[in-house]
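In what follows, chains carry the letters A, B, and so on, assigned in the order in which the sequence lines appear, proteins first and then strands, with residues in each chain numbered from 1.
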Protein chains: 2
Amino acid sequence: MALVFSHTATDPVRLTDAMRSVFVELLVHGPLSRAEVARRLALSPSALTKLTRPLIEAGYLLEASGEEGPATVGRPSQPLQVDASRMSFAGIKLTADELFAVRTDLAATVQAETSRPLAGHDIDHVLGRITEAVEELTVPGRPLSGVGISLAGTATPTDPVVHTSPFLGWSQLPLAELVERAVGVPTVLDNDVRALTAVQQWFGEGVGHSSFALVTVGAGLGCGLVVGDRLVTGQSGATGLIGHLQIDDRGPLCERGHRGCARAYASSPSIRRSIATTIDRPDLTFDDCLALAADGHPVARRVLDEAGAALGQVVATVANLTGPELVVLSGESVHMYDVCAQAFHTALAAHTHWTARPVRVAVKPFAFNEWARGAAVTALQHLLLHR
Amino acid sequence: MALVFSHTATDPVRLTDAMRSVFVELLVHGPLSRAEVARRLALSPSALTKLTRPLIEAGYLLEASGEEGPATVGRPSQPLQVDASRMSFAGIKLTADELFAVRTDLAATVQAETSRPLAGHDIDHVLGRITEAVEELTVPGRPLSGVGISLAGTATPTDPVVHTSPFLGWSQLPLAELVERAVGVPTVLDNDVRALTAVQQWFGEGVGHSSFALVTVGAGLGCGLVVGDRLVTGQSGATGLIGHLQIDDRGPLCERGHRGCARAYASSPSIRRSIATTIDRPDLTFDDCLALAADGHPVARRVLDEAGAALGQVVATVANLTGPELVVLSGESVHMYDVCAQAFHTALAAHTHWTARPVRVAVKPFAFNEWARGAAVTALQHLLLHR
DNA sequence: GGCTTTACTTGACAACGCGAACAAATAACC
DNA sequence: GGTTATTTGTTCGCGTTGTCAAGTAAAGCC
């Protein structure tokens, strides 16, 4: 089930490790000259001529001869770039009651999307909807190179099995194997937050950073870590479980009975619930609550200040412990940042260890299909690197 | 300043990457047959014959032909092991008022130790005491292969500069360069907790685990992380700063004005102070306090229960975030574990994320010279792997 | 005493990447 | 406007590294 690099069926390109690393370098770091790639990978210029030739001949790399850079001394360089259209990947995010799917190219650009409601969690039903979605996304005559599936729970790309998924009620389910058999395309699983981290690592804010953290806010809180250029996968895939980090011991209750945990302060359902029940307007949406806070409504203002402060403390804890170069904020409700930035940064500074440099924080707007895109990138990354 | 592998001055062994990895595998994982090393490193058996021959001829590897394993079918294997006596390293731990130093062999066995009081923190004085200690530890005619220096603060082995060291009042001090010039031996710096983590990684509880965390208790709290077989070095060397992790918001004050932070609950000075002042016996030592708690004295009992609970919460936070296979407890006051194990495990279980498997915890008794030994291992690791 | 199993060694060979020499394409300089 | 400097990229030969296949060694099994 190796990723096939070929221009004709009879003449496949055999990928060596060096070719792979050149390809990934060009995919992630955009058009680069051979000379530049050679420097970055500590290879000789001649090695690059040899390594790139078969990839160019097979059409996976393009000589982007068009653009001229700023005039410089010496022979002008000839930038190479990956032809992103040469492969497609499907990414599928599973939630308790719906499935979101996208098709992306090699550069993780979304080219099609779809979704399916999930009427239940029995595997045959879910498998059926996944197969439908993949078939809908597949262009006839252009088979997918990989399928990625992400979900909340413990799963890793190295392993075709969902260890546990509380919201889907699964445990030890060999989902990747089943999907792979059903759709005939190599399939990779991963935790949803880690998948989102993979997007940032190769195609987002994390590019150029060998270690960073992604903190997500939404229905829950999550955290993905990249350390030494590697996405961290804990034992059986459990990492970044910051949702129930204790913020104080007198705050609101979360649904698992923790008083004052991060989730009780900063998840979007908690924020909405706090405001809506306190001012007795059960119809308020989360975004209504943000608008109220922006307008200075005292209850909404207070709840969002507390949420921002909780988030700041979470980010400080992550930064103190792992020392990332950067923390990226994302998730369905990152836009709450605009309403609570001050409280966030105050708490972040207060909880950053006094001997540590302040960590840089980047806020990444969240697109609706980002979770599914993450799943596609997981597949892409894992199939490019490990097969 | 590369580490020299030679049996005569005229015939040095040029270490290739593969030879290095074989050597390290044998150093860390004890006597192994060639066949076993080949399997572990994904090399062919013939490669191992070739790679080990020069190392055996030069005397760095020994054929431990003596011991017989359990009788098995096939030709018996011929275990190889590193001759630990072939190199020595000095390790030095700097504190605000003293310097502890050890000499170890390649297997990190301590063979000599010494110390010096530090009358001040000006670099010439400290450099003088370091040089004295190194000279005292050096056996005439057997030069050291490396010197490691560890201290509280931000420093990394890749960098000869102490970025900041609050307790010594240093910042941006090129200590490794200065020591290297003074004693004529390659010198490596690192943070003290990371150095201790290196010991566990290669010669302690961490052997065989690709990811684990070390949590230390003593005058402060610290944490070192190994992720994917690599010791984590944050930006400019700041990681594992768990000392001021908030436990609750009504507890004791720490010296930086945090209420209820981990340090205020679980550091040995805080524990001693809480008990000694409350029962008005300022002469009590930390160990007296442990004894009181063990005897059931209500004040001491309560303080140690709270300390154990704080430590449990810290370990849970580390485990939730990074998903280690194992957490090792160590530090000058780990023996407090015996008096507060129950509170520790209760808090650990309560704060472990509900979807995560319980993490395994190993308690590692702490020897007096362990900090200095850590510095020696830092030197050994860095010089073996990166030069 | 063969047979099987596993460990290790040997020598031929393939591949990978480097160095050196060279061609190409530009700016800088006189 | 020609020469020089500079940088990119290519070609070719070579050394290194590690694999493969074949063979040797040393045990237990029957």
Side-chain angles (χ1 to χ4, degrees), chain A residues 2 5 11-26 29-58 60-82, chain B residues 2 5 11-26 29-58 61-81:
Chain A
F5 274 68
D11 185 11
V13 176
R14 259 224 326 285
L15 267 192
T16 65
D17 283 350
M19 284 169 72
R20 209 191 298 267
S21 60
V22 169
F23 189 78
V24 170
E25 189 69 23
L26 285 169
H29 297 278
L32 293 174
S33 69
R34 281 169 252 251
E36 177 60 22
V37 175
R39 279 188 293 266
R40 287 170 177 240
L41 302 181
L43 291 169
S44 67
S46 59
L48 258 106
T49 299
K50 286 185 197 168
L51 291 169
T52 54
R53 196 195 314 281
L55 291 172
I56 291 172
E57 281 173 358
Y60 289 94
L61 295 183
L62 302 175
E63 305 200 283
S65 49
E67 317 83 68
E68 286 299 306
T72 127
V73 110
R75 171 175 173 174
S77 66
Q78 186 152 26
L80 298 177
Q81 70 180 76
V82 169
Chain B
F5 274 68
D11 185 11
V13 176
R14 260 226 323 288
L15 267 191
T16 65
D17 283 350
M19 282 168 73
R20 208 191 298 268
S21 61
V22 168
F23 189 78
V24 169
E25 189 69 24
L26 285 168
H29 297 277
L32 294 173
S33 70
R34 280 169 252 251
E36 178 59 23
V37 175
R39 279 187 293 267
R40 288 170 176 239
L41 302 181
L43 290 169
S44 65
S46 60
L48 257 107
T49 300
K50 290 180 194 172
L51 290 169
T52 54
R53 196 193 318 276
L55 291 172
I56 292 172
E57 281 173 0
L61 295 182
L62 301 174
E63 305 202 281
S65 49
E67 317 84 68
E68 286 299 306
T72 122
V73 119
R75 172 176 171 175
S77 65
Q78 186 152 26
L80 297 177
Q81 71 180 73

Using a cutoff of under 3.5 Å, can you pull out all pairs of nitrogen or oxygen atoms linking the protein to nucleotides 6-10 of chain D, with atom names and distances?
from, atom 1, to, atom 2, distance (Å)
D:dT6, O2, A:G74, N, 3.4
D:dT7, O2, A:R75, N, 2.7
D:dT8, O4', A:R75, O, 3.4
D:dT8, O2, A:R75, NE, 3.3
D:dT8, O2, A:R75, NH1, 2.8
D:dG9, OP1, A:Q78, N, 2.5
D:dG9, OP1, A:Q78, O, 3.3
D:dG9, OP2, A:R34, N, 3.3
D:dG9, OP2, A:A35, N, 2.9
D:dT10, OP2, A:T49, OG1, 2.6

From [X] [atom1] over to [Y] [atom2], what is the distance, rounded to the nearest 0.5 angstrom?
{"X": "A:E57", "Y": "A:T52", "atom1": "CD", "atom2": "OG1", "value": "9.5 Å"}
{"X": "B:R53", "Y": "B:R34", "atom1": "CZ", "atom2": "CZ", "value": "8.5 Å"}
{"X": "B:L51", "Y": "B:S21", "atom1": "CG", "atom2": "OG", "value": "7.5 Å"}

Could you list the donor-acceptor pairs under 3.5 angstrom formed between side-chain atoms of residues 35-44 of chain B and any protein atom two or more places apart in sequence or on another chain?
from, atom 1, to, atom 2, distance (Å)
B:E36, OE1, B:R39, NE, 3.3
B:E36, OE1, B:R39, NH2, 2.9
B:E36, OE2, B:R40, NE, 3.0
B:R40, NH1, B:E25, OE2, 3.0
B:R40, NH1, B:H29, ND1, 3.4
B:S44, OG, B:S46, OG, 3.2
B:S44, OG, B:A47, N, 3.3

Sugar-phosphate only, base, or nothing, as touched by A:A38 at under 4.0 Å among non-hydrogen atoms: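 The residue A:A38 makes no contact with any strand.
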[X] [atom1] to [N] [atom2], straight-line distance once rounded to whole Å:
{"X": "A:L51", "N": "C:dA15", "atom1": "CG", "atom2": "P", "value": "14 Å"}
{"X": "B:L80", "N": "C:dC8", "atom1": "CG", "atom2": "C1'", "value": "11 Å"}
{"X": "B:D17", "N": "C:dC16", "atom1": "CG", "atom2": "P", "value": "17 Å"}
{"X": "A:L15", "N": "C:dC16", "atom1": "CG", "atom2": "P", "value": "11 Å"}

Student check: side-chain heavy atoms of A:L61 and A:Q81 closer than 4.5 Å: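 Of all side-chain heavy-atom pairs linking A:Q81 with A:L61, none is under 4.5 Å.
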Heavy-atom check, side chain of B:L55 versus side chain of B:L15, under 4.5 Å: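 They are in side-chain contact.
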